[in-house]
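Inspection log for the structure reproduced underneath, given as structure tokens.
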Amino acid sequence: GQNIDQPTEMTATEGAIVQINCTYQTSGFNGLFWYQQHAGEAPTFLSYNVLDGLEEKGRFSSFLSRSKGYSYLLLKELQMKDSASYLCAVRSPYGQNFVFGPGTRLSVLP
Amino acid sequence: KAGVTQTPRYLIKTRGQQVTLSCSPISGHRSVSWYQQTPGQGLQFLFEYFSETQRNKGNFPGRFSGRQFSNSRSEMNVSTLELGDSALYLCASSPDRTDTQYFGPGTRLTVL
């Protein structure tokens, strides 16, 4: 089966650091992706992990532990424009399709 | 490079009707996937096309179908619309099947 869990909502303050967790139980694994989706807009690609460890890209970093079925997205120096939903997705090695988590709605407060 | 485009952006239909949505991928991208997004179910995979062939299909009824043309453009059709089909339908393209997907703006379908 395929199951991906993320917290539903999170709130943080401008300038702070926030960590959004994602746990997954999927039949096969071929990479974990993070997408950002602003209300009413399409998801945009943020990061990709296929090996264990941390991938850093500017203010955003993503971590993966395949043995634990766990990933997190770290957002530093939060800005108001970071208020959005963050989607965790796992790609299946069989059909190459993506299974998306429910998304975490992040609100950044002044 | 132009991004993924989807038409129409908004659509209102009534139960029992059918609808066709269109997706033009980023130039050079050969893989096109379709997703349904609703507040309750999140993003759910519908199907994937690569080189005009359906390579993968999600758990949706046969009322949902699609196709891909030789220029990689794709269409999705939903027949006998139900109220529960109201959703944002997103198309995503990638250069190849193993690459990162890039999403279009979506078509917001409302079924009355």
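Residue numbers start from 1 in every chain, and the chains themselves are labelled A, B, ... in the order their sequence lines are given, proteins ahead of strands. The structure presented is a predicted model; accordingly, all values stated were derived computationally and were not measured.
Note that the CZ atom of A:F33 and the CD atom of B:Q101 stand 7.5 Å from one another [nearest 0.5 Å]. Here the OG1 atom belonging to B:T100 is positioned 6.5 Å from the CZ atom belonging to A:R91, to the nearest 0.5 angstrom.
With a 4.5 Å cut-off on non-hydrogen atoms, A:P43 touches chain B through its backbone and its side chain both. Of the two parts of B:L43, the backbone and the side chain both hold a non-hydrogen atom closer than 4.5 Å to a non-hydrogen atom of chain A. B:S33 does not touch chain A: none of its heavy atoms, backbone or side chain, sits under 4.5 Å away. For B:F47, no part sits under 4.5 Å from any heavy atom of chain A, backbone or side chain. In this structure, no portion of B:Q41 lies under 4.5 Å from any heavy atom of chain A.
Of the listed residues (B:Q37, B:K57, B:Q44, B:R108), the one with the most heavy-atom contacts under 4.5 Å to chain A is B:Q37.
A distance below 6.0 Å separates the ring centres of B:F103 and A:Y35.
Using a 4.5 Å cut-off between side-chain heavy atoms of Ile, Leu, Val, Met, Phe, Trp and Tyr, with links allowed through other members, B:L21 and B:F69 fall into different hydrophobic clusters. A:L54 and A:V50 fall into different hydrophobic clusters, where Ile, Leu, Val, Met, Phe, Trp and Tyr residues are linked whenever their side-chain heavy atoms come under 4.5 Å apart, directly or through other members. A:M80 and A:F60 fall within a single hydrophobic cluster, where Ile, Leu, Val, Met, Phe, Trp and Tyr are joined by side-chain heavy atoms under 4.5 Å apart, directly or via other members. Under the 4.5 Å side-chain heavy-atom criterion for grouping Ile, Leu, Val, Met, Phe, Trp and Tyr, B:Y35 is not connected to A:V99 through any hydrophobic cluster. Criterion: ILVMFWY side-chain heavy atoms under 4.5 Å apart, direct or through other members. Under it, B:L46 and B:L81 are part of a common hydrophobic cluster.
Other residues, nucleotides and ligands contribute at most 12 non-hydrogen atoms within 6.0 Å of the CD atom of A:E77. Taking a 6.0 Å sphere around CZ of A:R66, one finds it holds more than 12 heavy atoms contributed by other residues, nucleotides or ligands. The environment of CG in B:N71 is crowded: more than 12 heavy-atom neighbours from other residues, nucleotides or ligands sit within 6.0 Å.
When all heavy atoms of A:F98 and B:F45 are compared, the pair lying nearest together is O-CB, 3.9 Å. The two residues A:A42 and B:P105 make their nearest non-hydrogen contact at CB-CA, 3.9 Å.
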